[in-house]
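Have a look at the structure below before the remarks.
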Amino acid sequence: MSAQPAPFAPPLDPERVQGLETLLAGLDPAALTWVSGFAAGVAAERARGAGGAPRPADAGIIPAVGPGSRATVLYASQTGNGRRVAERLGRSLETSGLAVAVHSLAEYAPRQLSAERLVFLVASTHGDGDPPDDARAFVDFLSSRRAPRLESLAYAVLALGDSSYPKFCATGRLFDERLAELGARRVGVRVEADLDIEAKAGTWIEQSVATARAELGTEAPRLAVVTPLRPIVPTLASRDAPLEVELVENRRITARGAERDVRHVALALPSQGFEYEPGDAIGVVLDNPTATVDRILELTTLDPAQPVTVGAASRSLRDWLTREREVARVARPLLAQLAERSGSAELAGLLTPERAAELRRVLKELQVADLLKRYPASWDAQALIGALHPLAPRLYSAASSRREAGDEAHLTVAVVDYPFDGERRVGPASWQLAIAQPGTRLRAYVEPNPRFRVPADGSRDLIMIGPGTGVAPFRGFVQQRIADGARGRHWLVFGGRHRERDFLYQLEWQEAVKRRQLARLDVAFSRDQERKVYVQDRLREQGRELFAWLEGGAHLYVCGDAERMAPDVHAALIEIVATHGGRSADDAAAYLGELAQAKRYARDVY
């Protein structure tokens with residue numbers, strides 16, 4: 001069959017051209033580049049509609065260039081930091097006129113690496129050296145004998161981590177070293193960012209753009225179409241552009257005698273720009289408590305009005321401590337500075353590799369004021385601010401669905417408030433939320449979590465494992481599924497210390513059982529009997545039924561503590577699959593890996 005000539009495109013109407021020029025006149029170069037790419041994508045879509053290959057329903061606008069003539073940005077992200085940096089790099093590459101594709105490693109076929117020419121990897125490390133859940137399959141492939149030789153690939157790695165964990169930036173280091181072993185060529189020294197992500201990420205992005213231009217040169221298409229990035233003008237509340245919300249409800253949902261105060265907090269949202277889905281997190285932006293800042297100033301005897309300049313920003317010391325620096329979460333740089341300034345051999349010893357586990361406990365238990373009190377030293381304002389990490393918003397899983405809550409977002413907040421060394425210690429965000437009265441105005445934003453979603457198929461069953469505040473997203477899941485009329489069953493496994501004190505949303509779950517909106521509700525209260533019972537114990541007890549649900553196509557979700565609960569639950573699941581599926585432990589682990597790849601096993605752990 002002979003090829004058909006391309007259809008002739010008639011010239012545009014002059015009035016339309018003039019109107020288009022007027023519309024584009026106010027856009028900056030970055031926006032113009034995005035519009036050009038968008039237009040190209042629309043044209044391609046219409047061409048497909050006129051007889052071309054159909055486009056997958058969940059695909060973005062795909063660049064009309066192959067992996068050999070574009071830059072590819074891949075990210076492994078657990079809480080959104082890696083995704084944000086990857087998207088920023090994608091924007092910068094796009095603005096420079098280069099073709100670029102940006103992918104989560106959860107959506108990227110590892111074998112495609114052999115066809116790539118230039119890859120930038122942004123890799124977070126989760127917990128004690130673990131890869132984020134969206135990168136586990138990629139890590140397994142890259143570490144295996146199936147990984148291909150990659151002599152034609154150039155790459156650079158930005159590793160994100162938390163130096164309070166012993167295996168700092170382990171995932172980024174693994175990627176960097178393994179790609180080199182496979183023959184790929186480094187085009188930039190690996191950059192490792194602690195919690196001070198912004199400064200190092202900004203420099204790395206600038207260097208990466210220069211590298212991409214040098215590597216791709218004039219061969220690269222000058223019209224960029226980026227796949228998963230949002231438009232230049234943000235349409236959602238984001239970390240860079242939080243919106244004002246109003247606290248409209250704040251009630252305690254644990255009994256007065258409970259070890260922890262847990263709050264149900266409802267936020268009234270603006271009429272536009274604050275869209276979230278069950279599974280997403282809500283980021284709350286709050287200043288540090290005045291009392292905590294005053295205590296640090298007292299211990300250091302520094303002048304709160306003294307100006308401190310960091311980069312292009314100049315503020316008073318009090319302003320830095322109140323709005324820009326962490327005063328609760330301690331980081332390794334502060335300990336290193338404090339060990340040097342105080343001359344403490346004890347503190348210096350904590351920083352040695354063999355005491356990594358002990359260091360982790362200290363960093364988890366102590367706040368900045370505790371260390372300043374325990375190890376007195378002479379400080380200057382510039383050095384103090386330099387030793388503290390940037391203040392990060394606090395993330396809380398959305399405990400609601402817009403279909404049920406309307407223009408509200410509900411949060412389940414565990415309040416940090418305890419005595420230590422004769423003084424009161426509070427979590428800056430949770431404590432302020434706990435004492436906030438209805439009518440309080442806050443700043444908040446949406447942190448998307450596309451890995452943690454209810455299935456599109458409403459006939460699928462859900463198994464939801466969420467002890468403590470890990471139950472929060474499942475409240476939103478069930479609300480969403482009820483509103484959607486989903487036919488699939490719901491099974492909730494909840495855990496706490498005491499039934500009478502810690503059963504979060506007890507009446508709601510019991511009512512859901514009566515209405516048959518929950519097919520099963522299993523609970524584990526660890527301190528209500530002599531032998532401690534946890535959610536993983538309940539899973540083992542119901543192992544046969546749980547495996548039957550999985551074999552029937554159920555989706556499995558785990559939310560909550562990453563350090564102990566999540567590994568213990570995962571080990572129990574392997575045991576259940578091995579026992580009731582007649583598999584070895586390795587095959588059972590592979591079975592769960594396949595569920596994760598199929599998006600039927602998802603975790604939101606922290």
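Worth saying up front: this structure is predicted, and the values here are computed from it rather than measured.
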*Is there a ring pair (Phe, Tyr, Trp, His ring centres under 6.0 Å) between F175 and F138 once you walk through the steps?*
CA-CA 10 Å; F175 286 160; F138 186 87; 5.4 Å; yes
*Ion pair present between E447 and R83, side-chain N to carboxylate O less than 4.0 angstrom?*
yes
*Is Q479 reaching over with its side chain to a backbone N or O of S401, donor-acceptor style, under 3.5 angstrom?*
yes
_Any salt bridge linking E326 with R394? Criterion: basic side-chain nitrogen under 4.0 Å from a carboxylate oxygen._
yes
*Please assess W491 against E545 for the test side chain to side chain contact (heavy atoms under 4.5 Å, CB included), listing each intermediate value before the final yes or no.*
CA-CA 11 Å; W491 181 353; E545 182 74 3; 3.8 Å; yes
*Compare all side-chain heavy atoms of D133 with those of D604 and state whether any distance is below 4.5 angstrom.*
no
*asked:* Tell me whether D502 is salt-bridged to R497, with the criterion being a basic N under 4.0 Å from an acidic carboxylate O.
replied: no
*Do E87 and R84 pass the salt bridge (charged side-chain N to carboxylate O under 4.0 Å, His left out) test, and can you show the C-alpha distance, the side-chain angles, and the key distance before you say yes or no?*
CA-CA 5 Å; E87 290 189 349; R84 277 191 295 272; over 6 Å; no
*asked:* Evaluate F477 against F452 for ring pair (Phe, Tyr, Trp, His ring centres under 6.0 Å), listing each step before the verdict.
replied: CA-CA 10 Å; F477 276 23; F452 208 72; 5.5 Å; yes
*asked:* Test your reading of the model: is there a side-chain donor-acceptor pair from D407 to the backbone of P270, 3.5 Å cut-off?
replied: no
*asked:* Can you see whether Y505 has R475 sitting over its ring - NZ or CZ less than 6.0 Å from the centre and within 45° of the normal?
replied: yes
*Which heavy atom in V535 sits nearest to a heavy atom in A524, and how many Å separate them?*
N-CB, 3.7 Å
*Charged N to carboxylate O below 4.0 Å: is that the case for R424 and D417?*
yes
*Return the minimal non-hydrogen interatomic distance between C169 and G161, and the atom names on each side.*
SG-N, 3.7 Å
_Closer than 4.0 angstrom, basic N to acidic O: yes or no for R374 and D421?_
no
